[in-house]
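The structure appears below as structure tokens.
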There are 2 protein chains.
Amino acid sequence: MTAGCNCRSVEWTENMIRTISPLRANFGRCTACAVRSLSICGALDETDLVEFERIARQVHLAPSEALFSAGQVASSVHNLTAGVARLYKLLPDGRRQVIGFALPGDFLGTMPSIRYSYSADAIKRVSACRFPVDAFKHFIEQRPHFLLRINEFASRELMLAQQQMLLLGRRTAEEKVAAFLVGWRARLAHIGDERQTVSLPMSRQDIADYLGLTIETVSRTLTRFEREKMLVIVSGGVRLLDCPRAEAMAAA
Amino acid sequence: MTAGCNCRSVEWTENMIRTISPLRANFGRCTACAVRSLSICGALDETDLVEFERIARQVHLAPSEALFSAGQVASSVHNLTAGVARLYKLLPDGRRQVIGFALPGDFLGTMPSIRYSYSADAIKRVSACRFPVDAFKHFIEQRPHFLLRINEFASRELMLAQQQMLLLGRRTAEEKVAAFLVGWRARLAHIGDERQTVSLPMSRQDIADYLGLTIETVSRTLTRFEREKMLVIVSGGVRLLDCPRAEAMAAA
DNA sequence: CAGGCCAGTTGATCGAGATCAATTGGGTTC
DNA sequence: GAACCCAATTGATCTCGATCAACTGGCCTG
């Protein structure tokens, strides 16, 4: 009922490689950061960036390695710069709810909390900037515009969470899967990975745990969508043939 | 499948009456506000409060009246000072998901958004402070400590939302109802309404739409809990007899 | 106080999605 | 290329919660 490792190393799309790149020197990483404008750092000017960079540490994770785990003392906040991570909560008996997937530019900071309330680990090889909470807090407290930006990100996150509540509580399996595909495609487009084929780096188990379904139901639903010519299942993703139909399902 | 009016006038608890009170004069309301320390306003000193109060307008709603509706241009943010509100999203076909219940002290502000992403209306007679977004934004932008406070509130909200995702996606009906009772009791305790009997001002339909269940399942589950001596159903609420049991159900 | 209204409860049945159980197939190892 | 591994698919069956349908009881109205 749980987990799903997906440790197999998957080929990198050109896009992923590009967003990972700048880790050579210890200086000027931030100014060269490909996802800066997408991330909370987009609110920082050159001067702030230099100082911000000073409190950051780069971390790199292979697939299935943990960025942090629920219950640990929350000593750091993170900014994803490359790869894909899954964020999830577990029940004592092993039931799992994936509460989201993190993409480059996403900020993972459970700020006023003493412990992480969820776990995060890599699906595809992840790079992230790690900031000690104390230094991070100190930094933002004297930069109101930055705090404002973080607030916007938190609000967006909250809206997505509420959208997901509607999906989990009131939608059918078919609607859930369609909404997931449409939503995921939009998120990939947002970070510049807009292709005909929607890449799905996460396992079927991850998708099932995200949608509150079983792996079998996800699989069957995708298969049916393929039979009905809405999409084609390809290795590592799906190619959407009938987007309007998918979007109608996701909305209705 | 939708709605539930619950317009019947319910007796006020002393607590509710106390939190509603200060609406006589146009000055000094905030300094006398019973829920200030619980709300975002807890971060404001006397000087700030005076100015903050100047941009506020009091609104009062009878049960089932709307504070705002999803899709409307988001011209105001709100701070609940008395009563109970339900926050919900609707699907085109009428399916409803209650995404939360708002209590005195709760802040309803979908800040960087042009339109409300959910609807809010009164369950019990509601009083709230209404702030035009522009004035509100202007106010907070020059008060970083206030922004920090709002950020904390947003983060807490997000954590609750993620907790709710786990509940909606992975818990049984029994666990859902138990978790709801325990969580609601904790929220009432937080605003100072800590009594033996947990008051449930919302209808069974509201509870069902909050938990992703039907009204029948909620009713049957409560009845079963009563048969099993875990609680007693009383008018307007339940009396929890076996809290440890309920908490175990909610956690497991 | 008769009648109606509506929230809530209870019962009977149904069905979407879960569970159990093979089977397939791509990828890796030796 | 044989053996294996494991994610994914497919099939058969079951079950929890939904649906459909009365029924109850508190409360309001005339």
Side-chain angles (χ1 to χ4, degrees), chain A residues 1-11 63-64 86 93-97 123-124 167-178 200-227 231-238 249, chain B residues 1-11 63-64 86 93-97 123-124 167-178 180 200-227 231-238:
Chain A
M1 178 166 268
T2 48
C5 253
N6 196 26
C7 302
R8 207 88 20 260
S9 79
V10 191
E11 325 80 330
S64 92
R86 83 186 132 238
D93 64 3
R95 282 176 288 176
R96 187 179 74 158
Q97 179 66 39
I123 291 175
K124 290 179 80 155
L167 180 142
L168 289 168
R170 286 303 183 216
R171 309 193 89 130
T172 64
E174 171 178 291
E175 290 168 346
K176 284 177 176 181
V177 174
L200 297 175
M202 69 291 286
S203 70
R204 293 287 188 269
Q205 186 65 62
D206 290 334
I207 298 175
D209 286 345
Y210 182 57
L211 300 176
L213 297 172
T214 58
I215 188 173
E216 292 95 331
T217 299
V218 171
S219 181
R220 273 187 252 271
T221 305
L222 284 173
T223 305
R224 187 156 53 77
F225 284 169
E226 187 169 43
R227 255 202 318 275
L231 52 76
V232 184
I233 299 170
V234 298
S235 169
V238 299
M249 270 187 189
Chain B
M1 178 166 266
T2 48
C5 254
N6 196 27
C7 301
R8 208 93 17 263
S9 79
V10 191
E11 325 80 326
S64 93
R86 84 187 130 239
D93 64 3
R95 281 175 288 176
R96 188 178 74 158
Q97 179 67 39
I123 290 175
K124 289 178 83 153
L167 179 141
L168 289 168
R170 287 300 182 218
R171 309 192 93 132
T172 63
E174 170 178 290
E175 290 167 347
K176 284 177 176 180
V177 174
F180 166 69
L200 297 175
M202 69 291 287
S203 70
R204 294 287 189 268
Q205 186 65 62
D206 290 334
I207 299 175
D209 287 345
Y210 182 57
L211 300 177
L213 298 171
T214 58
I215 187 173
E216 292 95 331
T217 299
V218 171
S219 182
R220 272 188 253 271
T221 306
L222 284 174
T223 304
R224 188 156 53 77
F225 284 168
E226 187 169 43
R227 252 202 320 274
L231 51 77
V232 184
I233 299 171
V234 297
S235 167
V238 300

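Below, chain A is the first sequence line, B the second, and so on; all start at residue 1. Since this is a predicted model, take the numbers as computed values, not measurements.
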Handout entry: E216(A) CD - dA16(C) P separation (whole Å)
Key = 18 Å

Fill in the blank from the handout: Against the side chain of T223(B), the closest entry in dA18(C), dT9(C), dA8(D) is dT9(C)

Practice task
Calculate, to the nearest 0.5 Å, the distance between atoms CD1 and CG belonging to I207(A) and L200(A) respectively.
Solution key: 5.0 Å

Handout entry: Candidates dG17(C), dT9(C), dG17(D) - which lies nearest the side chain of A173(B)
Key = dG17(D)

Problem - Any R220(A) side-chain N or O less than 4.0 Å from OP1/OP2 of dG17(C) - result: no

Practice task
Write down the distance between CG (D93(A)) and C1' (dT19(C)), rounded to a whole number of angstrom.
Solution key: 15 Å

Exercise for the section: Name the closest nucleotide to the T214(A) side chain, picking from dA18(C), dT10(D), dG17(C). Expected result: dA18(C)

Practice task
Round to a whole Å and report the spacing from NZ of K176(B) to P of dG17(D).
Solution key: 8 Å

Practice task
To the nearest 0.5 angstrom, please state how far the CD atom of E175(B) sits from the CZ atom of R170(B).
Solution key: 12.0 Å

Exercise for the section: Report the distance from atom CD of E174(B) to atom C1' of dC16(D), rounded to the nearest whole Å. Expected result: 12 Å

Problem - L213(A) side chain, from C-beta outward: closest of dA18(C), dG8(C), dA8(D) - result: dA18(C)

Completion exercise
R204(A) CZ to dT10(D) P, in whole Å, measures 10 Å

Exercise for the section: Quick one: pull up CD1 in I215(B) and CD in Q205(B) and give me the separation to the nearest 0.5 Å. Expected result: 5.0 Å

Practice task
Classify the nucleic acid contact of G212(A) as base, sugar-phosphate or nothing, counting any heavy atom under 4.0 Å across all strands shown.
Solution key: sugar-phosphate

Exercise for the section: First locate atom NZ of K176(B), then atom OH of Y210(B), and finally report the distance between them rounded to the nearest 0.5 Å. Expected result: 12.0 Å

Fill in the blank from the handout: To the nearest angstrom, the CZ-C1' distance between R224(A) and dA16(C) comes to 11 Å

Practice task
Using atom CZ of R227(A) as one end and atom C1' of dT10(D) as the other, report the distance to the nearest whole Å.
Solution key: 10 Å

Exercise for the section: Please check the phosphate of dC16(D) (OP1 and OP2 only) for any side-chain N or O of T217(B) closer than 4.0 Å. Expected result: no

Completion exercise
When rounded to whole Å, the CZ to C1' distance for the pair R95(B) and dT19(D) reads 15 Å

Exercise for the section: Working to the nearest 0.5 Å, report the span between OG1 of T214(A) and CZ of R220(A). Expected result: 7.0 Å

